[in-house]
Amino acid sequence: MRRLAIITAALLMLMPTVSAKTITHDKYDHVSACYGIEMTLSQAKPFNKWKPWQRALFTTAVIGGGKEWYDHNHPDSHTASWDDIAADAVGAFGAEGTIWVVHKTW
């Protein structure tokens, strides 16, 4: 649990600012989408045998990284950002933290 807290704190510090006035609606979308995806993956049969940090890293890399790769390849209508990947990681690791608090099964 301590590692999860350190990782989440580090990811929050990667974001340019933590002020609610300056975080765009897009970052909230990234956090909530990865939170929901992570909660779903944790219950899916192939993924529930993985360690929590492996699931969260998978969600961040595949889902968040895939979305940013798409944004990078479509610059006329999308903007790729490392902050979005950090927001994805906060959502994924936050979901694993929620699962731990509810089930305490690490």
Side-chain angles (χ1 to χ4, degrees):
M1 182 63 183
R2 184 173 181 213
R3 288 184 197 160
L4 180 67
I6 291 169
I7 290 170
T8 305
L11 291 170
L12 281 171
M13 290 189 314
L14 287 175
M15 298 177 86
T17 170
V18 188
S19 170
K21 292 180 182 178
T22 58
I23 294 178
T24 63
H25 184 68
D26 178 56
K27 302 302 180 268
Y28 292 119
D29 291 344
H30 280 271
V31 170
S32 61
C34 278
Y35 185 92
I37 291 167
E38 188 67 26
M39 291 296 242
T40 303
L41 281 181
S42 70
Q43 301 303 313
K45 190 153 188 128
F47 297 102
N48 64 3
K49 295 178 182 165
W50 290 13
K51 294 179 180 174
W53 66 269
Q54 291 172 324
R55 281 193 306 261
L57 191 61
F58 175 82
T59 301
T60 301
V62 173
I63 304 299
K67 170 69 169 82
E68 294 310 305
W69 178 79
Y70 177 84
D71 290 349
H72 177 73
N73 290 323
H74 296 88
D76 53 330
S77 59
H78 298 288
T79 304
S81 170
W82 285 104
D83 295 338
D84 290 345
I85 292 177
D88 293 333
V90 168
F93 281 96
E96 289 297 339
T98 302
I99 292 167
W100 180 80
V101 166
V102 171
H103 298 289
K104 297 198 188 225
T105 56
W106 272 6

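Because the structure is a prediction, the values reported are computed rather than measured.
When the side chain to side chain contact (heavy atoms under 4.5 Å, CB included) test is applied to K51, the partners found at least two apart in sequence or on another chain are W53, Q54. For H78, the ring-ring contact (aromatic ring centres under 6.0 Å, His included) partners are Y70, not counting sequence neighbours. Partners of W50 under the ring-ring contact (aromatic ring centres under 6.0 Å, His included) rule, at least two apart in sequence or in another chain, are F47, F58.
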Going by atom type alone, with no hydrogens or angles, which donor-acceptor pairs under 3.5 Å involve a side-chain atom of residues 59-69 and a protein atom two or more places apart or on another chain?
from : atom 1 : to  : atom 2 : distance (Å)
T59  : OG1    : E38 : OE1    : 2.5
T59  : OG1    : R55 : O      : 3.0
T60  : OG1    : A56 : O      : 2.9
K67  : NZ     : D71 : OD1    : 2.8
K67  : NZ     : D71 : OD2    : 2.9
E68  : OE1    : S81 : N      : 2.8

Inset, instruction - Please assess H74 against D76 for the test side-chain contact (heavy atoms from CB on, under 4.5 Å), listing each intermediate value before the final yes or no. - result: CA-CA 6 Å; H74 296 88; D76 53 330; 4.1 Å; yes

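In this structure, the separation between CZ on F93 and OG1 on T98 is 13.0 Å, given to the nearest 0.5 Å.
Residues M39 and L41 are not in side-chain contact: their nearest non-hydrogen atoms beyond the backbone lie 4.5 Å or more apart.
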